[in-house]
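Remarks on the structure that follows.
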Amino acid sequence: MPFFVRHVAIAAALTLAGAGTLASAAQPDAALLSAAQAAQPKVVQSLKEMVSIESGSANARGLAQMASYTEKRLQALGAKVERLPVTKGPGTMVKATFTGTGKRRVMLIAHLDTVYPENTLATQPIREEGNRLYGPGIADDKGGIAVILHSLEILKQQGWRDYAQITVLFNPDEEVGSVGSAETIATLAAQHDVVLSCEPTAAKDVVKAEALLLGASGTATATMQVQGRASHAGAAPERGRNALLELAHQLQQTRDAATLVPGSQLNWTQAQAGTVRNQIPESAVAYGDVRTTAAGAAEKLKVALQDKVKSSQLVPDTHTTVTMEEGRPPFVADARGRALARRAQEIYAELDGRTLALAEGTGGATDASFAARSGKPAVVESFGLAGFGYHARDEYIELDSIVPRLYLMTRILQDIGRN
Ligand SMILES: [Zn+2]
């Protein structure tokens with residue numbers, strides 16, 4: 001999950017949703033809780049095994065090792081396991097199907113790749129220090145994979161089969177936009193009632209309480225292209241049509257265009273023009289970072305930009321076009337997702353009143369966006385382990401989040417099955 005402001009967003013949300021006045025907490029499910037406690041050392045072992053496989057998004061060998069590691073684990077749990085190809089980039093998806101005797105169809109997602117280049121382990125080895133277990137990718141997202149594998153193991157031991165189908169999908173390209181797996185995630189998710197996405201939650205050392213995530217910005221890239229006419233800058237500048245000047249004008253007049261489109265944000269961040277100093281530049285291009293919090297906002301922003309561009313021109317005979325390439329759509333949990341998240345708060349409260357915050361949004365991006373795109377399943381994000389330092393240095397998980405997270409996942413799956 002590529003994000004940086006997420007922790008701020010969660011911290012802000014804490015005051016709104018954090019220490020809500022929950023009704024007096026019910027007793028925990030003793031069988032699930034003791035199974036979660038018994039599983040903790042095995043989770044630590046799985047984390048160490050997975051972190052020792054370096055699987056940066058460009059590391060084909062590491063991604064293949066992660067695919068076969070998770071494939072074997074899922075087979076041992078009794079799943080039918082398939083590899084699904086990605087349409088772009090290295091690695092394969094791993095899809096596991098469990099068929100039960102109940103009514104609900106649930107999908108669990110996490111990702112195999114990390115942001116780290118090969119040999120990061122050499123300078124940031126796996127190490128345990130107090131409540132922290134360190135390692136590159138341990139929170140984002142090997143902790144999420146561990147929650148899925150060990151929760152399903154606990155439920156198997158309990159003989160739980162109260163589901164029509166549980167589908168697990170691990171993709172190898174989340175950290176590079178899930179370009180090659182997005183359509184598979186969206187299509188499969190639409191065939192399920194519920195999708196639980198297992199990205200990490202920020203460590204409580206940093207944000208005071210663990211959280212679930214109910215929203216994330218969509219992303220897009222706006223491209224503005226100006227076509228002018230080249231000419232000798234010294235001998236015949238008047239014959240040229242300066243694309244750079246026109247681009248500068250168009251950037252100025254479109255800089256506030258996103259204010260016209262609710263749920264959109266635009267910042268022009270990159271530009272290129274000209275090749276040599278002594279030529280009037282024939283073409284110029286700028287790229288804008290677009291974030292959206294409403295469905296369809298990127299398309300509306302494109303139209304608003306195109307209208308603005310037509311409204312005035314600085315350099316005659318130039319031609320300006322605006323295009324929009326959409327990345328992840330915005331993720332906004334619906335009423336069913338919110339109800340599930342409130343139920344998760346009750347489940348957490350069973351653990352000596354442990355607090356679970358509900359974070360409304362993040363400037364980062366998540367595959368929950370693709371899972372929710374069809375509007376068919378209820379989707380909630382951040383069922384992974386609590387940690388910090390992802391996409392940075394010295395990434396870690398908090399060991400004392402393992403039991404609560406296993407308890408939450410197993411108990412909420414049982415609840416979904418019953419309902
Ligand atoms: Zn992630």
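Every value quoted in this text rests on a predicted model; they were computed, and no experiment measured them. When a residue number appears, it is its place in the shown sequence, counting from 1. Counting starts at 1 for both ligands and their atoms, in listed order.
Partners of Pro377 under the side-chain contact (heavy atoms from CB on, under 4.5 Å) rule, at least two apart in sequence or in another chain, are Ala189, Val195, Ser374, Val379. Evaluation of the salt bridge (Lys or Arg N to Asp or Glu O under 4.0 Å) rule for Lys80 yields Glu82 as partners, not counting sequence neighbours.
Nearest N/O/S atom of Asp140 relative to the Zn ion (ligand 1): this is OD1. The Zn ion (ligand 1) lies closest to atom OE1 when only the N/O/S atoms of Glu199 are considered. Restricting His111 to its N, O or S atoms, the one at the least distance from the Zn ion (ligand 1) is NE2.
For Arg418 and Asp162, the salt-bridge test fails: no basic side-chain N is under 4.0 Å from an acidic carboxylate O.
Pro172 places none of its side-chain heavy atoms less than 4.5 Å from the side chain of Met66.
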